[in-house]
Amino acid sequence: MLYLLRENIRSAIRATVERRFGLMLPEVAVEFPPHAALGDLATPAAFEVSKRLKAATGEKRSPRDIALALAADLHPELTKNVDRIEVAGAGYVNCFLRRAETLLAALDAPAVVSMPRFGGKVIVEHTSVNPNKAAHIGHLRNAILGDTLVRILRAVGETVEVHNYIDDTGVQVADVVVGFAYMEGKSLADVEAITGKFDDVCWDLYARVGAWYAADESRLQLRAETLHAIERHEGALAALAEHVAERIVTCHLATMQRLGIQYDVLPCESAVLRLNFWSDAFERLKAAGAITYETEGRQAGCWVMRADPETTAADDEHDADKILVRSNGTVNYTGKDIAYHLWKLGLLDRDFHYRAFYRYPDGHTAWMGGAVASGTESPPTSFGQGVAYLNVIDVGQSYAQAFVKRGVLAVAPPARRSSVAVSAHVAYEKVALTPSSCLELGFTLSDEDRRRPFISMSGRKGLGVKANDLLDRLEKRALAQVQAHQPALSKAEQQSIAHKVAVAAVRYFLLKFARTTLIAFDFTEAMAEQGETGVYLLYSLVRIAGIRRKLREAGLECSAPAAVLRDYLPQVAEWLRDDGQNPNEFWALAVLALRYDVVLAEAAETLEPSVIAKYAFQLAQAFSAFYNRHNIRHESDEVRRAFLLALVSLVESRLLAALNVLGIDAPERM
RNA sequence: GCGCUCAUAGCUCAGUUGGAUAGAGCAACUGCCUUCUAAGCAGUAGGUCGUAGGUUCGAGUCCUACUGGGCGCACCA
């Protein structure tokens, strides 16, 4: 609601400044003042005009004079929504909205308007966990961040395709294969016969393989041989690798499904090579002059991409350049990634072979993009060919991601360069463990480690909190609460509620931190059900559901409060008026709810989901205060009851929208 | 060595592209359940925004230097 209004004010100010002062303002800041006495929207543009006027003409005019002129000119253009405009402080222009009219209009308006900016399909890649062990909470942060980003983009009207890249040919898979084949002497049939949680079995095995290598480094030769067999796609080891990768991917998809996360395409790295994506990309990189063949020095025999000399410098220990093709002629990960990204933007005349890999309960299918044609079904739409890509990958990959982008940019035809320019690496910090969490997991720590603020997770050491384990613990804990609060419900209903509570808790916990904040995972904090948590958000909506239920039971139902209030506009205006020095609490709540689309737009623009999480909590908090002060069921005045209910409806609508974008589903009771 | 990033209340973190009186949760303390769910609400206390300069009407936010963390710079993926 406020998004469009803010844009209107922005353009009105820009036009007024141009007309009266002959200045073009590139950006006009319109913000939300710290308190209600200063209006609903405000702009410090007069300060900017004063500065620019002085620079352009030498004329000195006080910001306050300019603000007065702006306010006078602005008002006629905005009378529809704005009640009055005041100049405050040294030169702020403050707009006050017509409260009653705005509230009623908002009740009939959708929570958000469509405002796509990419102009076509955006490809979001996230999760991309090595398919060799159970997913841990670090992978969960990636997936939840990515999934929420997808939901944000879809909410603002973007078309999004979700990719989960499967690195089925890397050392990580090879290590588990070595474990099965050489440590345990298992055949493919033996591994296929393993029952139970396969990802947990591999988690333990992977850690043991690490120790096994450390005990005798000559065993690393087995890894190299296995890797080679996988890359050539030959023999029993390759077949075992394929089985491990596919089965683990299935585990990962099931884990993520618990959190409401789905994928459209699972492109496999093996196919990037076998379907000649790379050889095409290689030729194009050479033709574009983006890579050069080294004939001397320690990179002799390699194809390398030069670093940007302005931002990176080489020294004795490090080459700033990035090798894409090793001296033995094989391509590394970054090279393959460039090929994959060319495909994402439709810049390769090649495609994967698709087969339906995973069915979701709602009928959606995740398609595996592999090297060989198999199966009878084909996808309903074409994949790839996006106008932009967004990669949710941890910040440690920034260096490599920068080379991927430069590689794609070098090959892209001029008309498509803007596609590459708007594409981005959505970087986030990792999840580490607090020392106390490590101890709780049963790991022994040195005294030095004990004093550290956090300890990195390590799949190779088997040190980490598995995603499924955390969810299990949360569900168990929530179930105990639900059983205490809702003893009358069936076991199945209680479990369904406990599941929703657990999902809300994890998703909110991993989303409330800004992307660049390292999370030191602590069980106590992550399992908290009080304060700034996903549980609190659910509780607010449960209370709203409770209000509606009780009103229905009392025969006081009111499905369309706006229709009732339309006949009592002066009364509504009175209820929304500030009382002397005190700002009006109803209006404060309403105007916060109306900011939803502004917050969503900000999240979509900055690719920062945490702002929505923070906003949802703020709105829920404001509602809780309202809830404690006003009892709707016991309100005898019918019109006032409709008024209070209108506020509840507004909050409910925006809170539901926010939670939907956060991937959190609220139960009726809890 | 170079690059990126962070430093805000006892702890964990927000802080609207430079704006008006720096906020929240946890922990501590004080109240509130015959009431639409107390998984809650109201209140108290807690700050030289790492240090020193600079830019300007205005700096937690931008620039420089310094101090102290974290990450990256592999013929790994």
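If you're wondering where the values come from, they're calculated on a predicted model, not measured in any experiment. The analysis underlying the following values was restricted to heavy atoms, covering all of them including side chains, and did not include hydrogens, waters or symmetry mates. Lettering of chains follows the sequences in order, A, B, ..., and the numbering in each one begins at 1.
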Gap between atoms [atom1] and [atom2], on [X] and [N] respectively (whole Å):
| X | N | atom1 | atom2 | result |
| --- | --- | --- | --- | --- |
| A:F403 | B:C4 | CZ | C1' | 14 Å |
| A:E529 | B:A38 | CD | C1' | 13 Å |
| A:E48 | B:G19 | CD | C1' | 12 Å |
| A:D321 | B:C75 | CG | C1' | 13 Å |
| A:E231 | B:C76 | CD | P | 10 Å |
| A:F617 | B:C41 | CZ | C1' | 13 Å |
| A:H630 | B:C41 | NE2 | C1' | 13 Å |

Select base, sugar-phosphate, or nothing to describe what [X] touches, counting heavy atoms under 4.0 Å on all strands.
| X | value |
| --- | --- |
| A:A520 | nothing |
| A:L38 | base |
| A:E429 | nothing |
| A:K322 | nothing |
| A:Q530 | sugar-phosphate |
| A:R52 | nothing |
| A:G396 | sugar-phosphate |
| A:N94 | base |
| A:V331 | nothing |
| A:A224 | nothing |
| A:E602 | nothing |
| A:Q172 | nothing |
| A:P63 | nothing |
| A:N332 | sugar-phosphate |

On a whole-Å scale, what distance lies between the [atom1] atoms belonging to [N] and [M]?
| N | M | atom1 | result |
| --- | --- | --- | --- |
| B:U34 | B:A20 | P | 44 Å |
| B:G25 | B:G18 | C1' | 28 Å |
| B:A7 | B:A14 | C1' | 15 Å |
| B:U48 | B:A22 | P | 13 Å |
| B:C49 | B:U8 | P | 11 Å |
| B:G23 | B:G60 | C1' | 12 Å |
| B:C63 | B:A59 | C1' | 11 Å |
| B:U61 | B:U55 | C1' | 14 Å |

Is any side-chain N of the basic residue among [X] and [Y] closer than 4.0 Å to the acidic one's carboxylate O?
| X | Y | result |
| --- | --- | --- |
| A:R306 | A:E294 | yes |
| A:D394 | A:R141 | no |
| A:K614 | A:E532 | yes |

Checking base pairs now: Watson-Crick or wobble, both atom distances under 3.5 Å. What partners [N]?
| N | result |
| --- | --- |
| B:G31 | B:C41 |
| B:G72 | B:C2 |
| B:G19 | B:C57 |
| B:U64 | B:A52 |
| B:A24 | B:U12 |

Side-chain N or O of [X] closer than 4.0 Å to phosphate OP1/OP2 of [N]:
| X | N | result |
| --- | --- | --- |
| A:R629 | B:A42 | no |
| A:Q621 | B:G25 | yes |
| A:Y539 | B:A39 | yes |
| A:T517 | B:A14 | yes |
| A:Y508 | B:G25 | no |

State which of [options] makes the closest approach to the side chain of [X].
| X | options | value |
| --- | --- | --- |
| A:C302 | B:C75, B:U12, B:A38 | B:C75 |
| A:R549 | B:U17, B:U37, B:C76 | B:U37 |
| A:M670 | B:A39, B:G19, B:G58 | B:A39 |
| A:K614 | B:A14, B:A38, B:A24 | B:A14 |
| A:F513 | B:U12, B:G19, B:G25 | B:U12 |
| A:A625 | B:A24, B:G58, B:A42 | B:A42 |
| A:A88 | B:A20, B:G40, B:U37 | B:A20 |
| A:F32 | B:C26, B:U16, B:C13 | B:U16 |
| A:Y92 | B:C41, B:A20, B:A24 | B:A20 |
| A:H35 | B:U21, B:A39, B:U37 | B:U21 |

So, under a plain 3.5 Å distance rule, would you say the side chain of A:R548 forms a donor-acceptor pair with the base of B:U37?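 Answer is no: no donor-acceptor pair is held.
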
If you take atom types as modelled and just measure distance, does the side chain of A:N628 reach the base of B:A38 with a donor-acceptor pair under 3.5 Å?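 Side chain to base: no pair below 3.5 Å.
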
Atom pair NZ/NE2 of A:K336 and A:H341 - distance to nearest 0.5 Å: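 These two atoms lie 14.5 Å from each other.
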
Could you state the interatomic distance from CZ (A:R6) to OG1 (A:T43), rounded to the nearest 0.5 Å?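 Atom-to-atom, A:R6:CZ and A:T43:OG1 are 11.0 Å apart.
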
If every non-hydrogen atom of A:R223 is compared with every non-hydrogen atom of A:D175, which pair is closest and at what distance? NE-OD1, 2.9 Å

Considering non-hydrogen atoms only, spot the tightest contact between A:N142 and A:T127 and give its length.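 Answer, listing the atom of A:N142 first, then A:T127: OD1-N, 2.7 Å.
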
Taking the six-membered ring for Trp, are the ring centroids of A:F454 and A:F521 within less than 6.0 Å of each other?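 Centroid separation for A:F454 and A:F521: 6.0 Å or greater.
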
Determine yes or no for a side-chain-to-main-chain donor-acceptor pair under 3.5 angstrom, with A:N332 supplying the side chain and A:I323 the backbone.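 Yes: the side chain of A:N332 pairs with the backbone of A:I323.
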
Indicate the ring-plane relationship of A:Y92 and A:F47, choosing parallel, tilted or perpendicular according to the 30° and 60° boundaries. perpendicular

Which sits closer to the 5' end of RNA chain B, A:Q486 or A:V395, going by the nucleotide each is nearest to?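 Its nearest nucleotide lies further toward 5', so the answer is A:Q486.
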
Pairwise 5' ranking along RNA chain B for A:Y627 and A:S327, keeping only the more 5' one: A:Y627

Syn or anti for B:C33, taking syn as within 90° of 0? syn

